[in-house]
Amino acid sequence: EPEVTQTPSHQVTQMGQEVILRCVPISNHLYFYWYRQILGQKVEFLVSFYNNEISEKSEIFDDQFSVERPDGSNFTLKIRSTKLEDSAMYFCASRKTRDEQFFGPGTRLTVL
Amino acid sequence: KNEVEQSPQNLTAQEGEFITINCSYSVGISALHWLQQHPGGGIVSLFMLSSGKKKHGRLIATINIQEKHSSLHITASHPRDSAVYICAVKFGNEKLTFGTGTRLTIIP
């Protein structure tokens, strides 16, 4: 069964460094999402992406964040200059049309 | 304000018991999702509902649009059902608003 994959599973970085989190959505899906979950808190929406552009973003998704679908298969989330409070689990998700979303296994980001 | 509330926060039950987890939301929605999150952190989509009822194996999800309420039921619960169950609601376009989750523990 097709699934959403994410790499790396765990990323450790120093504060102020740039990180890129990678996702490979299910191949015929059209809508792509990033979410984050700070330890012990609820999942939060970051951004949705459709037709090669951001369709909606939350107040969390400020200028430090950007998303890209560089080659038609990968979907990336870049954090330009990481802060301690960016430490969280980041989930990618995708969906076809009006269907439910399929989530990736997550990338745990630790900012030191 | 668009809010999602779940109850209970924690639920412990004996194997075989019938489980109900509730979700209430503040305003009209376009869709409601029930998700399962295992201890390792991965999230699995169980159901997406906009009306009525859906069933998959031992899981049943219902939604009452007028009352702004949804329930997730598990029949004949099993220890492998132990997980966090999350209600997430789409109030408008793409953004999902998540509840805080219900931590379910099934004791053998």
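Convention: sequence-line order gives letters A, B, ...; per-chain numbering from 1.
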Portion of [X] that has a non-hydrogen atom of chain B nearer than 4.5 angstrom:
X: Gln41(A); result: neither
X: Phe91(A); result: side chain
X: Tyr50(A); result: neither

Ring geometry between Tyr35(A) and Phe45(A) (parallel below 30°, tilted from 30 to 60°, perpendicular above 60°): perpendicular
According to the interplanar angle, ranging from 0 to 90°, do the rings of Phe32(A) and Phe49(A) count as parallel (below 30°), tilted (30 to 60°) or perpendicular (above 60°)?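 Taking Phe49(A) first and then Phe32(A), their aromatic rings sit tilted (interplane angle of 30° to 60°).
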One option among Glu44(A), Met89(A), Gln101(A), Arg108(A) has the most heavy-atom pairs under 4.5 Å with chain B, and it is Gln101(A)
For the backbone of Lys55(B) and the side chain of Lys53(B), can you confirm whether one donor and one acceptor N or O come within less than 3.5 Å of each other? no
With a cut-off of 6.0 Å (strictly less than), are more than 12 heavy atoms of other residues, nucleotides or ligands near CD of Glu15(B)?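 Correct, the count exceeds 12.
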